[in-house]
Amino acid sequence: MRFRFAPSPTGYIHIGNVKTAVSNYVLAKKYNAEFVFRIEDTDKERSTGEYERMLIEDLKWLGLQWDEGPDVGGAYGPYRQSERFDIYKKYTDILLEKRHAYHCYCTQEELDEMRKQASAENRPIVYSGKCRNLSDDEKRKLEAEGRKPSVRFAIEKNATIEINDLIKGKVVFNSENIGGDFIIVRSDGVPVYNYIVVIDDALMKITNVVRGEDHLSNTPKQMLVAKALGFEPPQYAHQGLMLGPDKSKLSKRHGITSLRSYRELGYLPEALLNYLVLIGWSIDTDKEIFSLDEITGELKIENMSSSPAIFDFQKLKWVNGQYIRSYPAEKITDLFLPYINEAGYKTEELDRAWLESLITVLQAKCELLSDIKNLIGIFLEDVPEPDEETIDLLRTDDSAKVITEAKNFITETDSCENFYSDLVNYVKEKAGVKGKNLFMPIRGIITGCLKGPELDAAVPLIGIEKCRKRIQYMYDKFQAGK
RNA sequence: GUCCCCGUCGUCUAGGGGUCUAGGACACCGGGUUUUCAUCCCGGCAACAGGGGUUCAAAUCCCCUCGGGGAUGCCA
């Protein structure tokens, strides 16, 4: 078996495409098949080498590996469509010769007009086949006008096209309603996706095509081309699409969609892969978190879901949090480092062992790597400025007592072995408050925040000196002069 | 408009004629642990789109309706 992923390098890769890539990759792994990576760059307007480079970089970051592709070569190359034009040309000539295709001289404007007409009259939008039977004379005349012809595929009349889709089951189309004779080569000589995908898949010996169901309606066209060229079509499997919360095709307006953005926000590749498999696939286990090997063990191509799935940002986050929590301090610290830097702290000046112990305390609080930016300040700042919520709390009567007694505590005690518990006990007794009313103000004074790690773990890591400073600061800020 | 696909808790899904008073996970709500929080543990809420058949028996099979999505490009 041979699987493939064939994106076009027209931007950062979209998460919906990533799902297709992942599906093909894990299936190839599962069935011990080859995984082919092909670049479909025939949209000259939008494809760039730079995007191709980033596409490969992002896919590799995700952990995907391919056996054949533009960067690694292979026996069926080249793997970039823009480098295969002479191949396509050969087949176009055959099609033209056998009258399975013909030159069309209609201009863009004329076609637009025809489409407008059709939709105004509520007729299906189908190319009329106007140029199908042009005489040589007529052709010469049109060419004399300076028209450059495109090539259209001649669809056979009233034919039944049957797709035996591994996911959808049997899907039947009639050739009369797949849109009419479609263009296979543009007037500038560049061939079109629906045409060359067939040639490439055949020549690259692809046996299984797994893709989004937005391609389902292209499939009859591709099968017709395959038939005309004498190719055996691959086994198709069309997965349900990934939708936004409003149930339309997932797009930018639903939030973040490029793989790159997920990476930048601090999603882990393993988590993303895990989630992408989880969605739209039924797996013979109640487990939600699984490794690549566990995934490939459980998967079956026919267990892919046929219905569309809404992309659940929240669950993705949860999955990511599970992975962050599961990693050992050393590994996760390395991953956090860039984000800590980004927050403006100079990590190279910090003691690594100390840093790792901070991370150990903090990692359970993070769902994204970037969450660390808002959490680590309580350790690295000298005196963190309290946020609004904390200020409100520190203004209450109970807080006033706590602040005052905390201040008294540091004035009366020079040094002590158990700073934190001594502080807590002292304040509790003198101020006469306990529970939440005791701990939240203490948390606020020491960290400037009402949320964060366990205080008894955090305080020793912050250090006594900083704690004293912070208590003094909050006292000055809230109690001095009262 | 036309063609095609899809329809189980808010979301992802299990289930494929009786074992279904429909199971799990996220989210949400409540409780517990941590003398505090975003972790963790326990509990709760919550669904077979509707209508007709077939059958002793339907979430499951068939038909219709409705709803949603996709395609309808000299994009891929």
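Heavy atoms only: backbone and side chains are in, while hydrogens, waters and symmetry mates are out.
For F35(A) and F3(A), the ring centers sit 6.0 Å or farther from each other.
Residues F439(A) and L216(A) each lie close to RNA chain B; by heavy-atom proximity, the contact nearer the 5' end of the strand is made by L216(A). Sequence order on RNA chain B of the closest nucleotides to V172(A) and Y275(A) puts V172(A) first from the 5' end.
Across the P atoms, G32(B) and G68(B) are found 45 Å apart, a figure rounded to whole Å. Annotation: U21(B) and C40(B) have their C1' atoms spaced 32 Å apart (nearest Å). Using C1' as the reference atom, G53(B) and A58(B) are 11 Å apart when rounded to the nearest Å. Comparing the P positions of C63(B) and C5(B) gives an interatomic distance of 12 Å, to the nearest angstrom. Comparing the P positions of G7(B) and C45(B) gives a spacing of 27 Å, expressed to the nearest Å. The C1' atoms of C61(B) and C3(B) are separated by 26 Å, rounded to the nearest whole Å. Distance noted for atom C1' between C66(B) and A49(B): 8 Å (whole Å). Atom name P, nucleotides G50(B) and G10(B): the rounded distance is 13 Å, in whole Å.
Salt bridge K89(A)/D86(A): absent, no basic N to carboxylate O contact under 4.0 Å. A salt bridge is absent between E143(A) and K148(A); no separation between the charged side-chain nitrogens and carboxylate oxygens falls under 4.0 Å. Residues R38(A) and D200(A) are paired through a salt bridge, judged by an N-O separation under 4.0 Å between the basic side chain and the carboxylate. Here E40(A) does not pair with R84(A) in a salt bridge; the nearest charged N to carboxylate O distance is not below 4.0 Å. Between D188(A) and K44(A), at least one side-chain nitrogen of the basic residue sits less than 4.0 Å from a carboxylate oxygen of the acidic one, meeting the salt-bridge criterion. Look at E156(A) and K227(A) and you find a salt bridge, because one of the NZ, NE, NH1 or NH2 atoms lies within 4.0 Å of a carboxylate O, short of that distance. Look at K315(A) and E288(A) and you find a salt bridge, because one of the NZ, NE, NH1 or NH2 atoms lies within 4.0 Å of a carboxylate O, short of that distance.
Heavy atoms of S305(A) sit under 4.0 angstrom from primed sugar atoms or phosphate atoms, though from no base atom. Base contact: L455(A) has a heavy atom under 4.0 Å from a base atom. Nucleic acid contact class of F173(A) (heavy atoms, under 4.0 Å, all strands): sugar-phosphate only. Residue K365(A) is classed as a base contact, given a heavy-atom separation below 4.0 Å to a base. Within 4.0 Å (heavy atoms only), Q322(A) reaches sugar-phosphate atoms of the nucleic acid but no base atom. Nucleic acid contact for V197(A): none, since no nucleic acid atom lies under 4.0 Å from a heavy atom of the residue. Within 4.0 Å of L375(A), counting heavy atoms only, lies at least one base atom of the nucleic acid.
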Worksheet item: Passes ring pair (Phe, Tyr, Trp, His ring centres under 6.0 Å), H100(A) versus Y91(A)? Steps please.
Response: CA-CA 11 Å; H100(A) 276 128; Y91(A) 287 100; over 10 Å; no
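Here C29(B) sits opposite G43(B) as a Watson-Crick or G-U wobble pair (both hydrogen-bonding atom distances under 3.5 Å). Under the Watson-Crick or G-U wobble criterion, with both distances below 3.5 Å, C20(B) is left unpaired in every strand shown. In a base pair of the Watson-Crick type (N1 to N3 plus N6-O4 or O6-N4) or a G-U wobble (N1-O2 and O6-N3), with each distance short of 3.5 Å, G67(B) is matched with C6(B). Pair check for U34(B) finds none; no Watson-Crick or G-U wobble contact set falls under 3.5 Å. Here U72(B) sits opposite G1(B) as a Watson-Crick or G-U wobble pair (both hydrogen-bonding atom distances under 3.5 Å).
Between Y327(A) and Y323(A), the ring planes lie perpendicular to each other; the angle is over 60°, past the 30° to 60° tilted range.
Between the CG atom of N425(A) and the P atom of U36(B) there is a distance of 14 Å, given to the nearest Å. As rounded to whole Å, 15 Å separates atom C1' of C4(B) from atom CG of N164(A). Counting to the nearest Å, the C1' atom of C5(B) and the NZ atom of K170(A) are 16 Å from each other. The distance between atom CD of Q239(A) and atom P of C6(B), rounded to the nearest whole Å, is 14 Å. Rounding to whole angstrom units, NZ of residue K317(A) and P of C26(B) are separated by 16 Å. At whole-Å resolution of the value, CD1 in I279(A) and P in C12(B) are 7 Å apart. Here the P atom of nucleotide A14(B) and the NZ atom of K300(A) are 12 Å apart, to the nearest Å. Rounding to whole angstrom units, CD1 of residue I378(A) and P of A38(B) are separated by 15 Å.
Closest to the side chain of E288(A), out of G24(B), C3(B), C5(B), is G24(B).
The side chain of Q363(A) places no N or O atom within less than 4.0 Å of a non-bridging phosphate oxygen (OP1 or OP2) of C40(B).
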Discussion item. Treating primed atoms plus P, OP1 and OP2 as sugar-phosphate and everything else as base, which nucleotides of nucleotides 63-76 of chain B get B, S or - for protein heavy atoms under 4.0 Å?
Written reply: -----SSSSSSBBB
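Between the base of U35(B) and the side chain of K436(A) there is no donor-acceptor pair shorter than 3.5 Å.
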